[in-house]
Amino acid sequence: MRFNAIAAVALAPLVAGHGAVTSYTIGGTTYPGYEGFSPTGADTIQFQWPDYNPTMEVSDPKMRCNGGTSATLSAPVTAGENITAVWKQWTHAQGPVMVWMYKCDGDFGASCEGDGQGWFKIDQMGLFGTDPGSEDWGTGIVLKTLEWSSKVPTNLAPGNYLIRHELLALHQANTPQFYAECAQVVVSGSGTASPPSDKLFSIPTYAPQDDPGIMVDIYQGGLTSYSPPGGDVWEGFE
Ligand SMILES: *[C@@H]1O[C@H](CO)[C@@H](O)[C@H](O)[C@H]1NC(C)=O
Ligand SMILES: [Cu+2]
């Protein structure tokens, strides 16, 4: 949202309108995400976070999982299967969708909060048309369909992983808004692959704040192509 005087009148409902991943579907089974303002301690696969406010700085600790650090549940997924994130509502149609994973050292919990340079992209979509003022963006698809489906790399090594869905809203010039949530999944399969170090990033601060994919005015300067911050997807074959 633009926090101008008119919007401020209706601030609370607008902020709630940003939405979050409220459930995940894997292999025909639905797992609970987090709806915000739920009673604390709800059983979810998603890290529970404190508020719906956008994260504005790529270095903000809330970048990682919107301030959440743990969940009581996890969902099983076989490498090569898709994970579909479902939003109850979403507001903005300009900006990329980025989906990241992180391999835990062992168990979920305090030792698996996403520390260090361990995050890799499994899926992303930025601008797929030529008019950045249009809804031809990954987040434009989320606006219309309220879901995003991503394939877990077929040869990804089994283990406990976090999956992080990140919507970067770019509708306001040079004022990026990040919305990210993390969930716990247990990957099975016979894969042995792990991403090479050039595909691994730390979150927060996977890119500088002045990255052209972050600090951008999509309405000026004849922008016709766009690269999401944080590099390419790891296809899973290395
Ligand atoms: C699975 O995810 C990929 C992206 O990783 C997507 O292209 C494909 O459409 C998805 N399949 C289904 C059935 O949703
Ligand atoms: Cu907004």
Side-chain angles (χ1 to χ4, degrees), residues 1-21 23-31 36 49 51-57 60 62 66 75 77-101 120-126 128 133 135-156 161 163-181 183 185 187 189 191 193 195 199 214 216 218-219 228 230-237:
M1 286 303 116
R2 252 172 206 277
F3 290 101
N4 58 32
I6 296 160
V9 175
L11 189 62
L14 288 174
V15 169
H18 283 126
V21 180
S23 64
Y24 299 81
T25 306
I26 305 170
T29 302
T30 297
Y31 299 90
W49 32 265
D51 61 66
Y52 273 105
N53 296 334
T55 303
M56 314 292 287
E57 299 279 337
D60 188 327
K62 278 188 79 183
N66 201 20
V77 59
T78 306
E81 253 185 325
N82 274 39
I83 296 177
T84 303
V86 178
W87 287 257
K88 260 196 184 153
Q89 50 187 340
W90 175 247
T91 310
H92 300 300
Q94 287 86 32
V97 175
M98 296 173 270
V99 184
W100 303 72
M101 290 183 78
F120 55 98
K121 283 181 181 170
I122 62 162
D123 190 18
Q124 68 180 357
M125 186 179 286
F128 57 84
E135 300 193 343
D136 292 348
W137 288 90
T139 53
I141 293 177
V142 173
L143 180 76
K144 292 183 185 79
T145 65
L146 293 177
E147 61 178 43
W148 191 266
S149 191
S150 308
K151 184 175 172 174
V152 174
T154 305
N155 48 2
L156 183 66
Y161 286 82
I163 185 165
R164 174 178 176 276
H165 287 84
E166 174 177 9
L167 306 182
L168 168 51
L170 298 174
H171 57 287
Q172 201 177 347
N174 299 311
T175 313
Q177 301 182 4
F178 300 89
Y179 300 87
E181 291 105 32
V185 293
V187 176
K199 293 279 167 62
I214 293 174
V216 57
I218 63 168
Y219 310 105
D232 296 330
V233 164
W234 175 59
E235 303 288 357
F237 300 110

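Indexing begins at 1, ligand by ligand and atom by atom, following the structure's order.
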_Can you see whether Trp148 engages Asp123 through a side-chain donor-acceptor pair at a distance of less than 3.5 angstrom?_
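Yes, a side-chain donor-acceptor pair sits under 3.5 Å.
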*asked:* Quick one about Thr25 and Thr84 (side-chain donor to acceptor, distance below 3.5 Å, no hydrogens or angles considered), yes or no?
replied: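 Result is no, nothing qualifies.
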_Ion pair Lys144/Glu135, N-O distance below 4.0 Å_ =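 Salt bridge between Lys144 and Glu135, a charged N being under 4.0 Å from a carboxylate O: yes.
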*Is any heavy atom of the protein nearer than 4.0 Å to atom 2 (O) of ligand 1?*
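Yes, there is a protein heavy atom closer to it than 4.0 Å.
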*Candidate with minimal heavy-atom separation from atom 5 (O) of ligand 1, of Lys151, Gln124, Glu81*: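 Heavy atom nearest to atom 5 (O) of ligand 1 belongs to Lys151.
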*Which of the listed options, Val233, Asn82, Val99, Thr84, holds the heavy atom that is closest to atom 13 (C) of ligand 1?*
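Residue with the shortest heavy-atom distance to the ligand atom: Asn82.
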*What are the atoms of ligand 1, with element, lying closer than 4.0 Å to any heavy atom of Ser149?*
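Atoms satisfying the 4.0 Å criterion: 1 (C), 2 (O), 3 (C), 4 (C), 10 (C), 12 (C), 14 (O).
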*Using 30° and 60° as the class limits, which term best fits the ring planes of His171 and His92: parallel, tilted or perpendicular?*
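It falls in the parallel class, under 30°.
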